[in-house]
Amino acid sequence: MKTAITPTRAENFSEWYQNLIIAADLAENAPVRGCMTIKPYGWAIWELMRDQMDKRIKAAGVQNANFPLLIPIAYFNREAEHVAGFAKEAAVVTHYRLKMIDGVLQPDPDAKLTDAYVIRPTSETIIGEAMSRWVQSWRDLPMKLNQWVNVMRWEMRPRMFLRTSEFNWQEGHNVFATHEEANADAKKMHKMYADYMRDVLAAPVVAGEKTPEERFAGADHTYTVEQIMQDGKALQAGTSHDLGQHFAKSFDIKYLGTDGKLQYAWTTSWGTSTRMMGGLFMIHSDDDGLVLPPVIAPYQIVIIPIVREENTDALNKYAEDLGEKLRELDLRVLVDTSDMRAPDKMWKWIKRGVPLRVEIGSREMENGTVTITRRDLGKESKQTVSVDELLKIAPDLMKQMQREMYERALARQNAQIHDVETLADLEHALERGTTGFFRIKYDLTLNAEFDGLIEKYKISRRCLDANDPSFVYVAKSY
RNA sequence: CGGAGUAUAGCUCAGUCUGGUAGAGCGCUACGUUCGGGACGUAGAGGUCGUAGGUUCGAAUCCUGUUACUCCGACCA
């Protein structure tokens with residue numbers, strides 16, 4: 001059986017992934033190294049993801065704002081761990097004017113900035129500076145801010161969506177009066193991410209706290225949601241940090257308490273990025289292309305009229321009318337009346353992962369029936385139903401597909417988690433080529449022998465087991 | 001930042017060794033036959049061969065410089 005994407009997942013997973021992105025028309029590599037152009041279809045998915053996330057962020061009492069792209073270098077210097085974490089991947093703006101010199105446009109040597117700016121790799125510092133002025137009294141707390149922006153981290157090994165030099169994300173930054181509140185909020189946003197991925201992306205997660213070795217630069221606690229891709233590798237899909245008082249002290253975020261004492265506040269930050277899209281694609285898609293959960297599918301249903309010359313107009317109109325009826329049920333519907341051959345249209349939308357395909361031939365137009373095929377189940381799911389039946393079941397069918405996609409993904413994830421008792425067991429498993437997450441006593445990983453395994457098998461500690469933090473999950477990762 | 005490679009049509013690449021004035025497949029356009037899991041025929045459009053210089057009667061091809069990108073390693077949402 002010929003597949004739309006070659007090579008297949010089994011043959012070469014990372015090449016399959018690259019070709020999937022091209023075939024589904026999601027994005028392409030940009031002329032600028034490490035950057036990608038997200039194409040309209042890919043961006044439509046991101047917009048739906050973003051809107052769903054934004055609702056949840058606002059429901060958590062957070063306000064959106066927008067801070068500058070450029071950050072004074074000196075700001076980074078104020079938090080020692082933080083600067084160490086980002087210094088080696090910072091892009092720096094040094095000039096403010098171009099000049100034609102010898103016929104070549106270049107930065108004007110006479111327009112050098114005395115204080116250069118860093119293009120934000122993350123905004124803890126500049127938001128911290130603002131918060132130091134905005135937070136005065138206990139009445140100002142908690143203060144919860146979020147922004148949807150692009151950031152830049154100069155990456156040596158970019159991969160589309162998973163790791164690009166520029167990426168889009170949301171970064172939330174909250175301030176609290178007490179550590180208890182701050183830590184509870186970091187955990188709350190962490191749970192929000194896990195729920196979001198389950199309900200919106202139909203993607204299960206392994207949620208837990210990062211070990212000290214893997215923590216965010218400048219955080220006391222980092223809570224992560226890790227996903228397991230179909231090839232068994234881990235993807236860090238979102239993190240929420242309890243920053244303690246590191247940034248409050250570095251940026252002088254202080255408030256006057258009810259007791260009349262001036263004291264440092266406690267901050268958190270939490271983020272998810274377009275990387276989530278990479279995870280979404282690698283969790284659900286198959287050898288024929290993208291498979292999208294209905295909640296974030298730009299088109300949930302595509303209607304393809306199988307036209308012949310003599311009935312083109314009538315059938316197209318009939319299909320448009322059906323599309324309109326489905327739209328009245330709050331479904332996103334595309335009626336593809338473009339001038340392409342029917343099989344080409346089908347493959348186009350199969351590759352783009354549209355959840356439900358509806359085909360209408362001329363006889364079906366007369367009979368009042370349609371042929372429907374679920375993308376997640378493939379052509380085996382093809383069946384003929386009446387138009388009335390379709391209109392009746394379509395909204396529930398979307399919910400059902402969403403649920404079943406999650407259940408299948410969860411089953412795959414569970415099959416990729418292995419308990420190991422000893423480092424020897426771990427090494428045997430890795431040696432045999434076993435993929436996935438390995439659950440092992442955290443204590444067993446704090447030695448040179450484990451460091452050797454990290455080096456040899458390119459594994460890392462993903463997070464502690466939330467149910468029993470004496471265990472840690474270990475895996476190869478993206 | 002180390003190691004290796006590539007640069008020729010929108011895309012993937014051949015042509016370079018042995019210098020003689022530009023090719024294939026896919027895609028695109030038109031017409032015809034087609035159209036329910038990837039169609040075929042015919043006719044077309046499309047490239048100063050990354051860039052600057054040199055050698056030569058003549059350079060995609062040889063020489064020198066330069067720039068960009070890709071892959072593999074160390075780092076990472």
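From a predicted model like this one, the values you see are computed outputs, not experimental measurements. Protein chains get the first letters and strands the later ones, always in sequence-line order, with residue 1 at the start of each.
- U64(B) sits 36 Å from G25(B) when the P atoms are compared, rounded to a whole Å.
- No contact: Arg159(A) has no heavy atom under 4.0 Å from any strand.
- Using a 4.5 Å cut-off on side-chain heavy atoms (C-beta onward), Val474(A) and Ile454(A) make no contact.
- When the P atom of G37(B) is taken as reference, atom NZ of Lys351(A) falls 16 Å away, rounded to whole Å.
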**Message:** I need a per-nucleotide contact map over nucleotides 27-33 of chain B, read 5' to 3'. Cutoff is protein heavy atoms under 4.0 Å; write B for the base, S for backbone only, - otherwise.
**Reply:** -------

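- Taking the six-membered ring for Trp, Phe247(A) and His82(A) have ring centres closer than 6.0 Å.
- Here G41(B) sits opposite C31(B) as a Watson-Crick or G-U wobble pair (both hydrogen-bonding atom distances under 3.5 Å).
- Residues that satisfy the side-chain hydrogen bond (donor to acceptor under 3.5 Å, both in side chains) test with Asn183(A), not counting sequence neighbours, are Lys187(A), Tyr223(A), Asp242(A).
- If you check every strand for non-hydrogen atoms under 4.0 Å, Ile350(A) touches a base.
- In summary, the side chains of Ser123(A) and Gln147(A) do present a donor paired with an acceptor at a separation below 3.5 Å, with no hydrogens or angles considered.
- Nucleotide A4(B) is matched to U70(B) when pairs are restricted to Watson-Crick or G-U wobble geometry with both distances under 3.5 angstrom.
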**Request:** Classify every nucleotide of nucleotides 67-77 of chain B by which part a protein heavy atom approaches to under 4.0 Å, writing B for the base, S for the sugar-phosphate alone and - for neither, in 5'-to-3' order.
**Result:** --SS-SSBSBB

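- Tyr478(A) and Asp231(A) share a side-chain donor-acceptor pair at under 3.5 Å.
- Within the 4.5 Å cutoff, the side chain of Leu201(A) has heavy atoms near those of the Tyr196(A) side chain.
- A gap of 23 Å separates the C1' atoms of U70(B) and A24(B), to the nearest Å.
- Residue Glu364(A) is in base contact, counting any heavy-atom pair closer than 4.0 Å across all strands shown.
- Judged by the 6.0 Å and 45° rule, Arg153(A) forms a cation-pi pair with Trp169(A).
- Atoms CD1 (Ile5(A)) and P (G37(B)) sit 19 Å apart, rounded to a whole Å.
- If you take CD of Glu359(A) and C1' of G37(B), they are 8 Å apart, rounded to a whole angstrom.
- Within residues 282-301 of chain A, the residues having any heavy atom under 4.0 Å from RNA chain B are, by residue number, Asp288(A).
- The partner of A77(B) is absent, by the rule that a Watson-Crick or G-U pair needs both atom distances under 3.5 Å.
- At least one side-chain heavy atom of Glu431(A) sits under 4.5 Å from a side-chain heavy atom of Tyr457(A).
- Ionic pairing of Arg408(A) and Asp376(A) is present here: one or more N-O contacts between side-chain nitrogen and carboxylate oxygen are shorter than 4.0 angstrom.
- Taking the P atom of each, G41(B) and G5(B) are spaced 41 Å apart, rounded to whole Å.
- With a 3.5 Å ceiling on both atom-pair distances, the Watson-Crick or G-U wobble partner of C62(B) is G54(B).
- Separation of the P atoms belonging to U16(B) and A22(B) is 16 Å when rounded to the nearest angstrom.
- Nucleotides C76(B) and A39(B) have their P atoms positioned 48 Å apart, rounded to a whole Å.
- With a 4.5 Å cut-off on side-chain heavy atoms, Glu213(A) and Leu446(A) count as touching.
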Report, one line per pair, each donor and acceptor closer than 3.5 Å where one atom sits in a side chain of residues 295-308 of chain A; sequence neighbours left out.
{"residue": "Gln300(A)", "atom": "OE1", "partner": "Arg332(A)", "partner atom": "N", "Å": "2.8"}
{"residue": "Gln300(A)", "atom": "NE2", "partner": "Pro294(A)", "partner atom": "O", "Å": "3.0"}

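- Taking the six-membered ring wherever Trp is involved, the centroid distance between the rings of Phe281(A) and Phe161(A) falls below 6.0 Å.
- Put simply, CD on Gln383(A) is 16 Å from P on G37(B), counting in whole angstrom units.
- Searching all strands for a Watson-Crick or G-U wobble partner of G19(B) with both distances below 3.5 Å returns nothing.
- In this structure, Lys348(A) places its NZ atom 18 Å from P of G37(B), rounding to the nearest Å.
- Comparing the C1' positions of G65(B) and U55(B) gives an interatomic distance of 15 Å, to the nearest angstrom.
- Taking a pair to require two hydrogen-bonding distances under 3.5 Å in either a Watson-Crick or a G-U wobble arrangement, U48(B) remains unpaired.
- Annotation: G46(B) and A52(B) have their P atoms spaced 24 Å apart (nearest Å).
- A60(B) sits 23 Å from U12(B) when the P atoms are compared, rounded to a whole Å.
- Looking at heavy atoms from C-beta onward, Ser477(A) lies out of side-chain contact with Gln236(A) at the 4.5 angstrom threshold.
- For the pair Asn64(A) and Asp54(A), the minimum side-chain heavy-atom distance is below 4.5 Å.
- Ring pair Trp148(A)/Trp46(A) is perpendicular by interplanar angle, where above 60° counts as perpendicular and below 30° as parallel.
- Between Val206(A) and Arg462(A), the closest side-chain pair of non-hydrogen atoms is not below 4.5 Å.
- Under the Watson-Crick and G-U wobble criteria, each requiring two contacts below 3.5 Å, nucleotide A14(B) is left unpaired.
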Please tabulate, one pair per line, each protein N/O and nucleotide N/O from nucleotides 39-44 of chain B that are separated by under 3.5 Å, including the distance.
{"residue": "A39(B)", "atom": "OP1", "partner": "Arg341(A)", "partner atom": "NH1", "Å": "2.3"}
{"residue": "A39(B)", "atom": "OP2", "partner": "Arg341(A)", "partner atom": "NH1", "Å": "3.1"}
{"residue": "A39(B)", "atom": "OP2", "partner": "Arg341(A)", "partner atom": "NH2", "Å": "2.6"}
{"residue": "A39(B)", "atom": "N7", "partner": "Arg341(A)", "partner atom": "NE", "Å": "3.0"}

